[in-house]
Amino acid sequence: MKHIVRLINSGLVGIGIGMTWLGIDILQNQFFKNRLETTISVKYFLFWLGSSFLIGIFFYFASLVFEHDNWSLKKQIFINFFICLSAWLSFCFFLNKFNYSGSALLEMIIDFVIMYALAYGIYFYHLWHEVKRINKKLKEI
């Protein structure tokens with residue numbers, strides 16, 4: 001049950017990041033138009049919603065690398081980053097029917113680095129607060 005809750009939470013975090021990303025993308029593409037009249041199709045929105053949830057779930061599965069206690073944190077982050085990057089690039093290439101250019105590849109990598117930093121930044125921030133809370137309880141004992 002604990003893993004199912006974490007899986008759903010990861011999917012919901014993915015939706016949060018994905019919807020933020022969608023909003024930025026829409027605002028960026030509509031920069032010279034009237035932003036108040038911007039519309040998107042339900043199909044496009046649902047695709048982003050589902051994809052964001054699945055990417056969040058993938059981040060959860062990729063984070064299982066961190067359960068290897070015999071690996072250093074640097075090694076865990078390095079392996080996790082490149083597993084996630086390869087999956088992200090595969091996803092993007094699939095969406096673009098495997099057509100790509102150097103600039104598109106660079107944009108995909110930059111997008112991924114920003115999403116990775118957001119996702120794991122939030123995760124490590126949460127861990128930092130948990131450690132502070134545990135240390136406070138330990139001091140009370």
Side-chain angles (χ1 to χ4, degrees), residues 1-33 35-141:
M1 185 67 173
K2 179 178 162 184
H3 288 289
I4 292 173
V5 170
R6 287 184 180 174
L7 193 72
I8 292 171
N9 284 341
S10 295
L12 293 175
V13 168
I15 287 175
I17 293 171
M19 291 300 104
T20 302
W21 205 263
L22 176 63
I24 291 170
D25 186 49
I26 289 171
L27 289 175
Q28 190 177 29
N29 288 335
Q30 301 295 324
F31 185 71
F32 294 109
K33 298 178 183 177
R35 287 184 210 120
L36 296 176
E37 296 179 10
T38 300
T39 60
I40 61 171
S41 71
V42 171
K43 183 179 174 182
Y44 184 72
F45 176 77
L46 291 176
F47 172 78
W48 266 92
L49 190 69
S51 297
S52 299
F53 188 79
L54 291 176
I55 289 169
I57 288 174
F58 179 79
F59 267 84
Y60 168 75
F61 284 121
S63 72
L64 295 177
V65 169
F66 294 108
E67 292 185 6
H68 290 277
D69 294 332
N70 55 340
W71 291 356
S72 70
L73 183 60
K74 184 194 289 187
K75 181 178 180 179
Q76 291 170 337
I77 291 172
F78 185 78
I79 290 171
N80 178 270
F81 179 83
F82 283 103
I83 289 172
C84 291
L85 178 61
S86 61
W88 174 253
L89 291 177
S90 299
F91 176 71
C92 289
F93 288 144
F94 174 76
L95 289 179
N96 294 323
K97 299 179 183 167
F98 297 97
N99 294 326
Y100 64 94
S101 64
S103 62
L105 180 63
L106 182 62
E107 184 179 338
M108 288 178 215
I109 291 171
I110 289 170
D111 287 348
F112 173 77
V113 168
I114 292 169
M115 284 188 296
Y116 189 87
L118 277 172
Y120 282 101
I122 291 167
Y123 174 70
F124 285 121
Y125 182 75
H126 171 73
L127 285 179
W128 179 67
H129 276 288
E130 286 294 311
V131 167
K132 279 181 70 174
R133 186 181 57 81
I134 291 169
N135 283 338
K136 184 179 176 182
K137 285 186 178 183
L138 287 173
K139 287 180 182 178
E140 290 175 358
I141 295 178

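Taking I79 as the reference, V65, W71, K75, I83 meet the side-chain contact (heavy atoms from CB on, under 4.5 Å) condition, with sequence neighbours excluded. Evaluation of the side chain to side chain donor-acceptor pair (under 3.5 Å) rule for W88 yields no partner, not counting sequence neighbours. Evaluation of the ring-ring contact (aromatic ring centres under 6.0 Å, His included) rule for F61 yields no partner, not counting sequence neighbours. Applying the salt bridge (Lys or Arg N to Asp or Glu O under 4.0 Å) criterion to E130, with sequence neighbours excluded, gives R133. Residues passing the ring-ring contact (aromatic ring centres under 6.0 Å, His included) test with H129, sequence neighbours excluded: Y125. Considering only residues two or more places apart in sequence or on other chains, I4 meets the side-chain contact (heavy atoms from CB on, under 4.5 Å) condition with I8. With sequence neighbours excluded, the residues satisfying side-chain contact (heavy atoms from CB on, under 4.5 Å) with F47 are S51, F91, L95. Checked against ring-ring contact (aromatic ring centres under 6.0 Å, His included), Y116 has the following partners two or more places apart in sequence or in another chain: F81, F112, Y120. Remark: S101 pairs with S103, A104 by the side-chain contact (heavy atoms from CB on, under 4.5 Å) rule, at least two apart or across chains.
Within the model, atoms OH of Y44 and CH2 of W48 stand 5.5 Å from one another, a figure rounded to the nearest 0.5 Å. Atom NE2 of H126 and atom CG of N9 lie 9.0 Å apart (nearest 0.5 Å). The CG atom of N70 sits 8.5 Å away from atom CD of Q76, with the distance rounded to the nearest 0.5 Å. Taking SG of C84 as the start and CG of L89 as the end, the distance is 11.0 Å to the nearest 0.5 Å. From L73, atom CG reaches atom CZ of F124 across 5.5 Å, with rounding to the nearest 0.5 Å. L85 contributes atom CG, which lies 6.0 Å from atom CD1 of I109 (distance to the nearest 0.5 angstrom).
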Worked verdict on M108 versus D111 for side chain to side chain contact (heavy atoms under 4.5 Å, CB included) | CA-CA 5 Å; M108 288 178 215; D111 287 348; 5.7 Å; no
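Of all non-hydrogen atoms in N80 and A62, the two that sit nearest each other are ND2-O, 2.6 Å.
Here the side chains of K132 and N135 are not in contact, with every heavy-atom distance at 4.5 Å or above. For the pair F53/I57, a side-chain contact is recorded, criterion being any heavy-atom separation below 4.5 Å from C-beta on.
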